[in-house]
Novice: 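Handing you this structure, nothing more for now.
A note on names: the letters A, B, ... follow the listed sequences, proteins ahead of strands, and every chain is numbered from 1.
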Amino acid sequence: MKFTKVYEPQQTEPEIYAIWETAGVFDVRPTKSALPYSIVMPPPNANGDLHIGHGLTLALEDILTRFHRLNNYDTIYIPGADHAGFETWVVYEKALEKIGKTRFDYSRDELYNQVWNFVAEQRGNMELQIRALGASCDWRNSTFTLDNKVVKTVYATFKRLWDEGLIYRGHKIVNYCTTHQTSFADIEVTHRDEVGKMWDIAYPVTGTNQEIIVSTTRPETMLGDTAVAVNPKDARYANLVGEMVTVPIANRIVPIIADEYVDELFGTGVVKITPAHDPNDYEVGKRHALDEITVIGFDGRMNEAAGEGFTGLTVEEARAKIVEELSAIGLLRNEKDIIHSVGHCYKCDSIIEPLLKDQWFLEVKPLAERAVAEIEKGSIKFFPEQKAKELIQYYKNLKDWNLSRQIPWGIPIPAFQNIDHPEDWIFDERVGESEIEVKGKKYRRDEDTFDTWFSSGQWPFITTNYPANQPSANPHESSITTLHHASPHHHEQTPHHTDRHHDKPPVVPASSSSAAANSISPPTHQNAGISVNDSHQNDDILVNDPAQTAADLMDNILARYYPLSVMETGSDLLYAWVSRMIMLGLYATDQVPFKEVYLHGMVLDEHGKKMSKSKGNVLSPMEIIAKYGSDAFRLGIVASRSAAQSQAFSPSKVLAGRNLCNKLWNIARFVQEQAGDNYENPVEEPNELKNIGEDWIIGQLNHARLTVEKMLHEYRFSEAGEQVYQVIWNDVADWFIETQKVFNNISLMTYVLEYCLKLIHPFAPFLSENIWQNLSWTNDTLAGQTWGGYINYDINKAKDFEEIRALVTEIRFVVADLSTTGKQTLMYGEDKLIAKNKDIIQFLARLKNARELGQSTGLRLANSGREAWLDIDAKTIAKYGDHLRERIDNAQKEIELLEGRLANKNYLKKAPAELVEETRKTLLEKTDMLERLNRELEATSA
RNA sequence: GGAUCUUUAGCUCAGUUGGCUAGAGCGCGCGAUUCACAUUCGCGAGGUCAUUGGUUCGAGUCCAAUAAGAUCCACCA
């Protein structure tokens with residue numbers, strides 16, 4: 001007997017995972033008879049511990065994975081690790097700070113190596129935690145976001161975008177964090193309403209005594225003003241348009257211009273225009289060909305252009321000084337508090353400075369339009385559905401995407417700038433060199449790295465090695481080598497790309513990024529897995545090319561898993577990640593990257609509050625696992641959760657999960673004990689169902705299996721889990737096992753146990769595998785098993801057991817309600833069902849005896865409507881009267897309701913016939929019962 | 001400014017073609033018990049499904065409005 005009295009997960013979980021890994025059950029084994037099912041793990045950041053959100057992610061994905069594997073899909077779950085450019089960089093800079101260093105103490109390459117080592121260390125830790133959560137992923141295909149194949153593909157996509165004119169070098173206002181010294185995409189800026197001040201400042205109109213009053217929240221930027229603007233329809237200022245004003249302190253003469261951008265009703269209706277420090281002003285400046293004068297540097301301090309006395313001041317200091325000086329010279333007209341929204345760095349909360357900077361931009365419009373078209377066509381199904389609408393909305397307002405980050409940690413942008421002609425940029429992959437020479441011209445490397453979402457956005461086709469960036473028009477023309485090994489030959493064809501409006505697109509054929517491009521064309525999903533052609537080619541590869549390694553073969557085969565079956569991730573990543581994967585997936589592969597999207601909500605603490613370190617309410621998945629076990633965590637976090645809803649995570653659900661594990665453990669312990677330690681009959685099909693309750697349990701289990709299947713196909717994890725819980729606890733443990741204490745049908749018990757193990761395996765893999773390993777008659781691993789067919793049962797016999805259950809429940813209720821002492825005897829009249837099952841009834845209801853008796857005496861069991869009584873003395877029965885009266889009241893109310901419904905002509909006319917029929921039937925039953933209750937009441941009071 | 005979501009038992013939440021007695025876990029009350037499990041067993045209490053109006057034979061479920069709470073996007077000189 002290997003079963004301990006209580007299930008102890010902590011001791012055994014790592015061992016169980018090792019069994020799986022050794023057996024290789026998670027390694028994909030492409031089978032032609034099976035349909036592919038694929039999930040790619042959102043790669044966790046390799047810079048620290050997994051948090052509760054990862055716990056939920058992995059639980060959900062692993063449930064889907066194991067469920068499909070169990071149902072004989074050709075299943076793959078691809079794990080990964082994210083270098084997480086900026087995120088990791090922030091973590092690492094903090095570490096540097098601790099040892100008194102900054103990024104400026106090292107070269108870019110030194111920093112890169114340091115972070116590489118840091119991440120390598122963290123990654124191992126992170127991957128252990130993925131295992132602790134039970135994720136059944138194919139580790140052979142684990143992908144790190146800086147792997148060679150990732151960089152290759154990202155470069156190929158970048159190049160193709162460049163060649164097709166969608167990438168441009170833009171001198172634009174970007175969101176800049178002066179603390180982290182990098183720019184951000186719009187989506188990475190957090191806006192928050194704050195109290196600020198608005199100042200009214202008088203600008204003297206040149207050559208007159210007039211002045212014009214502007215309102216601003218950022219007076220320090222006036223040092224960079226190059227115009228003052230009013231609305232063209234604004235009568236108040238119509239005569240001033242075209243005049244010049246003097247910008248105070250800066251003493252710059254600038255024009256008064258008219259532009260629709262200005263809102264007449266806001267403030268004084270006059271806006272100072274600082275093209276270099278405000279995105280809207282920048283647009284106005286473009287329209288009116290204004291100068292762009294940058295007065296704030298990337299260090300967050302005023303630069304030399306700000307002028308004597310301001311250079312070197314921080315923005316705040318400069319603001320105070322400007323206000324003071326304006327006040328001194330009498331040009332400050334008003335100061336008031338306003339609430340306005342201010343952009344902050346989402347990591348360090350510094351105020352984001354809009355600054356002019358040269359960056360690489362991706363023109364997203366054509367990509368977004370295609371994504372919208374596909375979503376509207378229904379090519380991707382969203383769970384929950386409304387997220388599709390939200391995403392379309394987002395796509396429609398999307399602006400060009402700034403791809404450049406001034407962070408050393410990331411994928412270097414493969415672009416070089418001509419030292420002598422700054423306009424001249426070329427694409428080149430020799431990013432390891434800071435300077436290169438091409439055709440006698442010297443080029444300097446762009447020091448920036450890609451926004452991590454640019455590479456993550458290509459994750460589905462990268463991880464599956466799907467041939468990307470092959471223009472479908474001329475598929476046979478793909479030349480592979482030029483891109484990967486930057487040859488001189490290649491550079492001759494490289495376009496000199498200066499701005500988005502370059503003269504003509506270069507003619508280099510876009511190339512494939514991956515070795516898989518040479519190989520078999522990927523199966524479509526319709527034919528995948530069953531295509532003879534496909535498997536035939538696989539065989540060819542094996543036989544004809546002995547030089548090809550298994551890994552190569554795998555590389556080629558992986559492509560069959562694209563598009564992914566489902567993309568499961570947090571709803572907070574809908575815009576940041578999902579939107580990009582769809583756009584880039586469509587662009588690079590001409591297909592949607594996944595067919596379904598399931599978005600989970602945020603995990604809140606048990607009171608519905610956001611978890612945060614400062615609040616001290618952060619729950620660590622590893623701590624919970626240490627305390628209750630991995631399965632309990634999975635069962636608990638999946639419970640009571642629906643798509644994209646932020647929901648509280650209640651430890652009581654984890655506790656319930658742990659108890660369920662213990663329950664099943666003990667069911668197994670009991671079954672093994674009954675079967676005997678040496679029992680070795682493998683379970684094929686149980687022997688004939690001969691005892692009461694046996695047909696019933698098969699029915700319950702089949703129903704549960706079908707329900708779980710249906711629920712999981714609709715991503716209703718919580719309901720699926722609940723079904724598993726209910727059938728194991730309420731049906732198997734409470735009724736089936738109890739009856740089997742009398743019948744002892746070993747082959748059925750083992751069958752039922754295995755059924756339970758398979759049902760719960762996706763949710764509680766460690767426990768179920770542990771039991772499987774411990775049972776004397778099982779082989780291999782549970783994780784590698786598949787479902788057999790459904791077995792038949794007699795539905796009438798199942799119903800008989802329902803009757804018995806109802807009777808037993810009533811007996812228990814009556815006995816509990818009367819709180820009589822001692823055990824009762826059941827007496828029954830002409831009732832074949834009771835007569836046949838009197839022993840089991842006696843056992844289940846804990847009766848003293850059950851015997852047939854012709855005449856009625858004692859307390860009639862009125863609710864079940866059977867000819868059955870309990871031998872309770874008259875005195876005790878009298879106490880039962882109140883209870884009966886209550887029941888009679890209820891029955892009467894129900895009867896009235898039913899009668900009312902049947903009296904309604906419209907109901908009879910419009911409701912479905914079977915429903916009406918059912919109502920009639922129910923009414924009869926209730927009337928019948930009322931009669932019995934009344935008779936009983938008479939008897940008790942007599 | 002635009003959009004989305006939430007409001008169901010003391011707590012946290014399920015409830016998907018509208019169908020008749022609205023479910024779960026925890027908590028609560030009463031009772032039981034030593035061999036599968038106290039991480040247990042039996043029984044029970046607890047809900048005008050935010051409010052109002054509408055559609056319908058029938059509404060927690062659909063529609064409209066209101067209230068409270070949350071989130072996202074845009075942007076405010």
Novice: Base, sugar-phosphate, or nothing for N730(A), non-hydrogen atoms under 4.0 angstrom?
Specialist: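 No contact.
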
Novice: From G25(B), G15(B), A74(B), pick the nucleotide closest to the side chain of E719(A)?
Specialist: G15(B)

Novice: Given the structure, check if the side chain of K926(A) and the base of U21(B) hold any donor-acceptor pair shorter than 3.5 Å.
Specialist: yes

Novice: When the distance from CD1 of I895(A) to P of U21(B) is rounded to whole Å, what number comes out?
Specialist: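 So the two atoms are 13 Å apart, to the nearest Å.
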
Novice: Under 4.0 Å between any heavy atoms, over every strand shown, what does Q393(A) touch: base, sugar-phosphate, or nothing? Just pick one.
Specialist: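 No contact.
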
Novice: With the side chain of E714(A) defined as its heavy atoms from C-beta on, choose the nearest nucleotide among A36(B), U16(B), C75(B).
Specialist: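 Nearest to the side-chain atoms of E714(A), counting from C-beta on, is U16(B).
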
Novice: Calculate the interatomic distance between Y394(A) atom OH and C72(B) atom P; express it in whole Å.
Specialist: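 It works out to 14 Å between those atoms.
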
Novice: Could you tell me whether the side chains of D677(A) and S776(A) share a donor-acceptor contact shorter than 3.5 Å?
Specialist: no

Novice: What I want to check is whether an N or O donor and acceptor connect the side chain of Q645(A) with the base of A70(B) at under 3.5 Å.
Specialist: no

Novice: Taking only the side-chain heavy atoms of L897(A) (C-beta and beyond), determine which of U21(B), G42(B), G25(B) contains the nearest atom.
Specialist: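 Looking only at heavy atoms from C-beta outward on L897(A), the closest nucleotide is U21(B).
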
Novice: Nearest to the side chain of F266(A), which nucleotide is it out of C76(B), U16(B), G42(B)?
Specialist: C76(B)

Novice: Just compare U39(B), A74(B), C37(B) and give me whichever is closest to any side-chain atom of K5(A).
Specialist: C37(B)

Novice: Could one point to a donor on the side chain of K741(A) or the base of A36(B) with an acceptor on the other under 3.5 Å away?
Specialist: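 Checked by distance alone, the answer is yes.
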
Novice: Taking only the side-chain heavy atoms of S652(A) (C-beta and beyond), determine which of G25(B), U21(B), C43(B) contains the nearest atom.
Specialist: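 Of all the options, the side chain of S652(A) is nearest to G25(B).
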
Novice: Under 4.0 Å, counting only non-hydrogen atoms across every strand here, what does T268(A) touch: a base, just sugar-phosphate, or nothing?
Specialist: nothing

Novice: Could you tell me whether the side chain of K336(A) and the main chain of W199(A) form a donor-acceptor pair under 3.5 Å?
Specialist: no

Novice: May I ask you to list the residues of residues 627-634 of chain A, by number, that have any heavy atom positioned under 4.0 Å from an atom of RNA chain B?
Specialist: none

Novice: Given A74(B), U39(B), U12(B), identify the nucleotide with an atom nearest to the side chain of A648(A).
Specialist: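 Of the candidates, U12(B) comes closest.
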
Novice: Among the nucleotides G19(B), C43(B), A36(B), which one has an atom lying closest to any side-chain atom of Y907(A)?
Specialist: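 Ranking G19(B), C43(B), A36(B) by closest atom to the Y907(A) side chain puts G19(B) first.
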
Novice: So for S341(A) and C76(B), does any side-chain atom that can act as donor or acceptor lie under 3.5 Å from a complementary atom in the base?
Specialist: yes

Novice: Can you measure E673(A) atom CD to A36(B) atom C1' for me and round it to whole angstrom units?
Specialist: 7 Å

Novice: When you get a sec, tell me which of U21(B), A74(B), C37(B) is the closest nucleotide to the side chain of D186(A)?
Specialist: A74(B)

Novice: Measure from the side chain of I737(A), starting at C-beta and using heavy atoms only, and say which of A36(B), U4(B), U16(B) lies closest.
Specialist: A36(B)

Novice: Just checking, is any N or O donor in the side chain of Q674(A) or Y679(A) under 3.5 Å from an acceptor N or O on the other one?
Specialist: no

Novice: At under 4.0 Å between heavy atoms, what does V214(A) touch on the DNA or RNA strands: base, sugar-phosphate, or nothing?
Specialist: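 Since no nucleic acid heavy atom lies under 4.0 Å of V214(A), the category is nothing.
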
